[in-house]
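Let me begin by presenting the structure, written as structure tokens, before commenting on it.
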Amino acid sequence: MNPLPPAQDTAPIRVRIAPSPTGDPHVGTAYIGLLNYIYARQRSGQFVLRIEDTDRTRFVPTSEQMIFDSLRWVGLTWDEGPDVGGPYGPYRQSERTAIYREHAEILLANGHAYRSFETADELEAMRRQQIAAKVPPRYNGAHRHLTQAQIDAYLAEGRPYTVRLKVPENQSTTFTDELRGPITFDHNNVDDQVLLKSDGFPTYHLANVVDDHLMRITDVIRAEEWISSTPKHVLLYAAFGWELPRFWHMPLLRNVDKSKISKRKNPVSLVFYQQSGYLPQAMLNFLGLLGGGMAQPTEQEIVSKGLNTKEGDIFSLGEMLEKFDFRRISLGGPVFDLVKLKWLNGEYLRKLTPEEFFAALRSSILSDNYLRSIAPLVQSRIEILGQFGDMTGFFFADNVLPPESVWLPKKRSFEESLAFASEQLTTLEAASWEPDTIESSLKALGEAKQWSVKENFMLLRAVLTGSTSSPPLLESMIVFGKARTLDRLRRFLEIQKKQANQRK
RNA sequence: GUCCCCGUCGUCCAGUGGUUAGGACAUCGCCCUUUCACGGCGGUAACACGGGUUCGAAUCCCGUCGGGGACGCCA
């Protein structure tokens with residue numbers, strides 16, 4: 001099937017980012033956000049922020065506000081979005097479910113979609129069999145050709161169903177990736193994607209295409225992980241008879257080991273970077289460095305502007321708007337190199353005047369709010385104010401690495417302790433960040449794994465504070481923040497695992 | 001396993017048929033310095049491999065290998 005011609009070149013440029021409120025705002029969102037922002041600003045276009053909250057099983061209520069705050073923190077602003085309004089709203093997909101249902105009906109009516117009555121369990125069982133048999137896991141299309149009588153019978157029964165895209169057989173779909181050129185997928189490799197879930201909510205694929213069209217998006221600039229689902233989207237545009245946007249798939253940010261960036265191996269929460277004392281300009285600059293796009297200064301520029309050679313790597317958002325060139329983007333996935341980010345941040349910090357530097361400290365890591373929340377944790381155990389630093393160092397440290405003699409419980413082996421710490425991490429990830437919930441979920445874990453309360457909390461205390469004596473643990477964790485607490489635990493686990501492997 | 005994408009120093013980028021393959025971070029050495037940083041100077045370090053095309057390939061084509069992504073009623 002041939003895709004329709006791309007959107008008119010004359011259409012006013014409109015781009016969007018569409019984060020999902022499932023947890024902390026992600027550096028990848030800031031990265032793609034920056035790229036979209038630059039693209040729009042360079043072309044006098046509009047930049048839209050849309051919240052994709054169609055998965056209520058993963059929905060985190062506090063997440064949306066954190067996304068707004070973090071994106072504003074790095075310096076991005078949007079022209080339309082849930083919090084600023086705009087002519088194509090609502091910009092929260094959960095408020096648009098009627099629109100998606102209508103559109104699913106259109107596809108049902110014009111034969112581009114069909115109802116599928118299998119249960120999630122049945123599908124899961126099928127998938128497992130296929131994986132076991134080493135064949136690509138795919139929907140078998142069983143309900144693709146249900147007779148009208150069967151469909152009516154199921155509906156009369158009140159059986160829940162999903163709506164699936166009817167991908168034409170024995171064909172292929174080709175689309176143009178603006179950076180890669182034409183990409184073709186044989187339909188044997190394109191599954192009959194679920195468009196509408198049995199709970200009435202759309203999946204990403206339907207909501208995304210419908211919204212991008214209704215919101216007049218001209219350029220879809222998103223991460224590379226979406227390439228393989230793009231044929232589904234192209235098919236959807238065609239099924240609706242809509243014009244295609246341009247597709248730009250950006251390289252995926254990577255961990256040091258080159259795998260897709262993940263919280264296990266790298267801090268990915270923007271909240272973490274903010275609370276740890278990274279400057280937003282440095283973060284934005286660093287993200288702009290990844291994937292190319294910024295031309296390095298020519299020799300003439302270096303000479304004429306008296307630039308230090310390293311200053312080719314240092315630039316502001318304004319300079320990015322001026323010089324960033326999407327055609328220059330290199331396609332290899334860039335490693336998110338914390339070492340270089342820290343160097344960049346240091347460059348920015350050192351460039352501040354002493355007064356500005358002091359102000360930076362006072363507005364972040366030494367803010368009144370932070371100190372005010374730490375103070376009550378030490379007041380009852382302090383003798384002279386000079387002990388404050390000794391008691392609270394871990395609140396201000398970038399790295400806490402307790403030796404084994406501190407963190408390893410006397411009656412526990414290295415392996416079981418690490419395994420338990422790993423369980424603690426999982427537990428804390430799922431916990432809402434209040435002392436009571438943290439305490440009860442941790443205690444439940446301890447009971448299940450036969451770890452005493454003392455061992456349980458002492459291990460965590462040692463890992464987080466680097467010491468076996470500290471201010472109250474739970475309150476400290478609250479003040480230190482979920483993002484940094486979890487990251488500290490993750491880094492501890494990674495380092496221990498690495499050392500354990502080296503010993504083998 | 002199947003499909004798709006990608007492949008220049010350890011890392012991030014330059015380089016688009018002719019370069020001693022360049023810069024930054026990291027690393028190493030020297031200088032500065034009471035220390036540590038900062039700063040300055042210098043060094044180590046890469047075109048994955050094999051075939052083509054060409055007078056000439058990092059640059060173009062093919063294959064191999066390697067890495068990554070996707071394969072959910074997640075996004």
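The figures that follow rest on heavy atoms only: side chains count, while hydrogens, waters and symmetry mates do not. In what follows, every chain begins at residue 1, and chains take the letters A, B, ... in the order their sequences are listed.
If you check residues 198-214 of chain A against RNA chain B, the residues with a heavy atom closer than 4.0 Å are Ser198(A), Pro202(A), Thr203(A), Tyr204(A), listed by number. Within a heavy-atom distance below 4.0 Å of RNA chain B, the residues of residues 348-366 of chain A found are Arg350(A).
Electrostatic pairing of Glu494(A) and Arg491(A) does not count as a salt bridge here, judged by no charged N lying under 4.0 Å from a carboxylate O.
Nucleotide G29(B) is matched to C41(B) when pairs are restricted to Watson-Crick or G-U wobble geometry with both distances under 3.5 angstrom. Across the strands present, C71(B) finds its partner in G1(B); the criterion is a Watson-Crick or G-U wobble pair with both atom distances under 3.5 angstrom.
Aromatic rings of Phe272(A) and His26(A) (six-membered ring for Trp) have centroids beyond the 6.0 Å cut-off, not under it. Taking the six-membered ring where the residue is Trp, the centroids of Tyr39(A) and Trp248(A) are separated by under 6.0 Å. Aromatic ring centres of Phe286(A) and Phe336(A): separated by under 6.0 Å.
Taking only side-chain atoms of Glu347(A), from C-beta outward, the nucleotide of A14(B), G39(B), C73(B) with the closest atom is G39(B). Closest to the side chain of Arg180(A), out of A75(B), C13(B), C5(B), is C5(B). Checked against C12(B), C4(B), A75(B), the side chain of Leu290(A) finds its nearest nucleotide in C12(B).
Between the side chain of Lys340(A) and the base of A26(B) there is no donor-acceptor pair of N/O atoms closer than 3.5 Å.
Atom C1' of U44(B) sits at a distance of 35 Å from the matching atom of G69(B), rounded to the whole Å. The gap from the C1' atom of G43(B) to that of A26(B) amounts to 14 Å, rounded to the nearest Å. Spacing of C1' atoms, U11(B) relative to U2(B), comes out at 32 Å, to the nearest Å. When the C1' atom is used for both A24(B) and G15(B), the distance is 15 Å, rounded to whole Å. Comparing the C1' positions of C5(B) and C9(B) gives an interatomic distance of 24 Å, to the nearest angstrom.
Of the options Phe247(A), Phe240(A), Tyr204(A), a ring-ring contact (aromatic ring centres under 6.0 Å, His included) to His233(A) is made by Tyr204(A) and by none of the others.
Around atom CZ of Arg362(A), more than 12 heavy atoms belonging to other residues, nucleotides or ligands sit under 6.0 Å away. By the 6.0 Å contact criterion, CG on Asn170(A) is open, its count of non-hydrogen atoms from other residues, nucleotides or ligands being 12 or less. Counting non-hydrogen atoms of neighbouring residues, nucleotides and ligands closer than 6.0 angstrom, the CZ atom of Phe396(A) exceeds 12 such neighbours. Open room surrounds CD on Glu355(A); 12 or fewer heavy atoms of other groups in view lie less than 6.0 Å from it.
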Protein proximity profile, nucleotides 64-72 of chain B - base contact B, sugar-phosphate-only contact S, no contact -, cut-off 4.0 Å on heavy atoms | ---SSSSBS
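Looking only at side-chain heavy atoms (C-beta outward), Val163(A) and Glu105(A) stay at 4.5 Å or farther from each other.
Stacking of Arg164(A) on the aromatic ring of Tyr114(A) is not recorded, the 6.0 Å distance cut-off and the 45° axial limit not both being met. Both tests pass for Arg41(A) against the ring of Tyr37(A): distance under 6.0 Å to the centre and angle within 45° of the axis.
Toward the 5′ end of RNA chain B lies the nearest nucleotide of Ile183(A), the other residue of the pair Lys197(A) and Ile183(A) mapping further downstream.
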